[in-house]
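The first residue of the sequence shown is numbered 1, and numbering continues consecutively from there. Source: prediction; values computed, not measured. What's counted below: heavy atoms across the whole structure, side chains too, no hydrogens, waters or symmetry copies.
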Amino acid sequence: MSIIEKALAKQQQKNTDESVTSDQASPQEQVKNQAVDVASKTILALDKTSLAERGYLIDNGTRKSIKDEFRQIKRKLLNNAFGKASKTLHHSNLIMVSSAKPNEGKTFVAINLALSIALEQDKTVLLIDADVLRPSVVRELGVQDNLGIIDYLLGESEQVSDIIYDTDIDKLKLIPAGKPHHLSNELLASEKMAKFATELANRYPDRIVIFDCPPLIGTTETLVLANLMGQALIVVEESKTSIADIKAATEHLNENLALGLVLNKAIRSHKDLYGYYGYGYGTQN
């Protein structure tokens with residue numbers, strides 16, 4: 001037997017021994033091993049100083065006007081998700097945030113909405129970066145990139161829990177977009193994505209799930225995603241988004257979707273260049 005053959009045989013025996021040892025482990029030991037894996041999962045630390053400087057709702061007692069405005073919006077969303085309207089909405093706790101076109105502030109609104117809901121005493125919030133071609137949630141939060149939704153849809157992460165990350169803000173969890181892939185749009189429109197949304201809606205019924213989705217105009221996957229949601233917020237930028245754009249963005253949405261419009265970047269004071277200043281919310285039946 002050659003040296004290479006001996007080495008291969010030795011490695012094969014080692015793998016066999018490890019497999020047997022694993023199979024023979026008691027249920028308690030197997031649970032312990034799983035617990036170690038969960039405990040060792042990364043907790044994402046947000047760059048809170050930078051977030052506060054850029055107008056995000058870090059709970060430091062400042063920016064009261066923005067907090068009040070997001071508080072009003074989230075109350076409507078929470079009522080739809082868990083109140084009487086939840087009986088008539090499909091996946092009422094799944095909320096998409098989108099816009100007519102890029103750069104209208106949808107990610108800003110999605111993150112601030114998640115931060116506001118995270119302040120609730122009895123609710124958790126999961127923020128998902130579903131804008132997989134132009135992901136920005138991870139960058140805005142100042143956290144490291146990790147496996148995300150695309151990796152799960154590709155089958156490279158087996159369990160949904162593998163791509164859900166805790167953050168150092170209590171009750172805020174995150175799913176990144178994941179690595180770029182040339183079939184990202186098709187993956188979002190896949191049957192596996194539909195099953196993924198259903199699992200999120202049903203497995204954690206007390207959790208709000210916010211999807212930061214691609215803009216509606218010029219894309220098809222956002223309309224597909226909208227059919228998986230119970231609620232939608234469409235961000236429009238004051239003095240930029242036209243009525244025609246709003247109509248084009250919303251006319252093909254599911255008529256059973258609870259639909260709201262959020263006015264962003266409405267200039268109220270020259271002293272505050274960042275933020276969210278006005279809102280509107282209506283339900284489409």
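Linking ILVMFWY side-chain heavy atoms closer than 4.5 Å, directly or via other members, places Met96 and Val224 in two distinct hydrophobic clusters. Both Ile164 and Met193 are assigned to one and the same hydrophobic cluster, defined by single-linkage of ILVMFWY side chains at heavy-atom distances under 4.5 Å. One hydrophobic cluster holds both Leu154 and Phe196 under the rule that ILVMFWY side chains link at heavy-atom gaps under 4.5 Å. Put simply, Val137 and Leu147 are part of the same group of oily side chains (I, L, V, M, F, W, Y) that touch within less than 4.5 Å, one to the next. Cluster annotation: Tyr204 and Phe82 are assigned to distinct hydrophobic clusters (Ile/Leu/Val/Met/Phe/Trp/Tyr, side-chain heavy-atom contacts under 4.5 Å, transitive).
Among all heavy-atom pairs drawn from Val138 and Val143, the shortest one is CG1-O, 3.0 Å. Contact detail for Ile234 and Ser99: the closest heavy-atom pair is CG2-CA, 4.1 Å. Residues Thr167 and Leu46 approach most closely at CB-CD1, 3.6 Å, considering heavy atoms. Leu89 and Asn80 get closest at one heavy-atom pair: CD1-O, 3.9 Å. The minimum heavy-atom distance between Leu257 and Ala232, with the atom names listed, is CD2-CB, 3.4 Å. The two atoms that bring Ala110 and Leu127 nearest to each other are O-CD1, 4.1 Å, heavy atoms only.
Listed by first and then second residue, the side-chain hydrogen bond (donor to acceptor under 3.5 Å, both in side chains) pairs involving residues 82-97 amount to none (not counting sequence neighbours). Sorted by first then second residue, the side-chain hydrogen bond (donor to acceptor under 3.5 Å, both in side chains) pairs that include residues 207-230, not counting sequence neighbours, are Lys106-Asp212, Thr107-Asp212, Thr124-Arg207, Thr219-Thr222. Pairs of residues two or more places apart, or lying in two chains, never qualify as ring-ring contact (aromatic ring centres under 6.0 Å, His included) while including a residue from residues 225-257.
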Query raised in the report: Given the rule in the side-chain contact (heavy atoms from CB on, under 4.5 Å) test, do Tyr165 and Asn146 qualify, once you have shown the distances and angles that lead to the verdict?
Result: CA-CA 9 Å; Tyr165 297 89; Asn146 289 278; 3.2 Å; yes
Report task. Apply the test side-chain contact (heavy atoms from CB on, under 4.5 Å) to residues Leu200 and Phe211: give CA-CA distance (whole Å), side-chain angles for both, the deciding distance (0.1 Å), then the verdict. Result -> CA-CA 11 Å; Leu200 290 177; Phe211 290 77; 4.0 Å; yes
Report task. Evaluate the criterion side-chain contact (heavy atoms from CB on, under 4.5 Å) for residue pair Lys171 and Val125; output intermediate values, then yes/no. Result -> CA-CA 6 Å; Lys171 299 179 182 176; Val125 58; 5.7 Å; no
Query raised in the report: Does the pair Leu77 and Gln231 meet the rule for a side-chain contact (heavy atoms from CB on, under 4.5 Å), with working shown?
Result: CA-CA 8 Å; Leu77 296 170; Gln231 305 188 64; 3.3 Å; yes
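Within 6.0 Å of CD in Glu251 there are more than 12 heavy atoms belonging to other residues, nucleotides or ligands.
Summarising the geometry, atom CG belonging to Leu113 is positioned 6.5 Å from atom CG belonging to Leu233; distances are rounded to the nearest 0.5 Å. Considering CZ of Arg71 and CG of Leu78, their distance stands at 12.0 Å, rounded to 0.5 Å. Here the CD-CG distance, from Glu53 to Leu51, works out to 9.5 Å after rounding to the nearest 0.5 Å.
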Sequence neighbours excluded and cut-off under 3.5 Å, please list the side-chain donor-acceptor pairs for residues 172-182, or say none.
residue	atom	partner	partner atom	Å
Lys173	NZ	Asp166	OD1	2.3
Lys179	NZ	Glu156	OE1	2.8
Lys179	NZ	Glu156	OE2	3.1
His181	ND1	Leu183	N	3.0

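The pair Arg75-Glu120 counts as a salt bridge, with a side-chain nitrogen and a carboxylate oxygen less than 4.0 angstrom apart. Under the 4.0 Å criterion applied to side-chain N and carboxylate O atoms, Asp206 and Lys123 are not assigned as salt-bridge partners.
Distance alone, capped at 3.5 Å, is enough to place a donor-acceptor pair between the Asn112 side chain and the Leu57 backbone. Counting only distance, with no hydrogens or angles, the side chain of Ser242 and the backbone of Asp245 share a donor-acceptor pair below 3.5 Å. A donor-acceptor pair is defined here as one N or O able to donate and one able to accept, closer than 3.5 Å; such a pair exists between the side chain of Arg54 and the backbone of Ser50. Side-chain atoms of Asp162 come within 3.5 Å of backbone atoms of Gln159 as a donor-acceptor pair (strictly under, hydrogens ignored).
Residue Ile210 is tested with Val109, Ile117, Ile128 for a side chain to side chain contact (heavy atoms under 4.5 Å, CB included); the sole match is Ile117.
In this view, Lys192 and Tyr152, Leu153, Ser190 satisfy the side chain to side chain contact (heavy atoms under 4.5 Å, CB included) rule, not counting sequence neighbours. In this structure, the side chain to side chain contact (heavy atoms under 4.5 Å, CB included) partners of Arg134, at least two apart in sequence or on a different chain, are Pro102, Asn103, Asp131.
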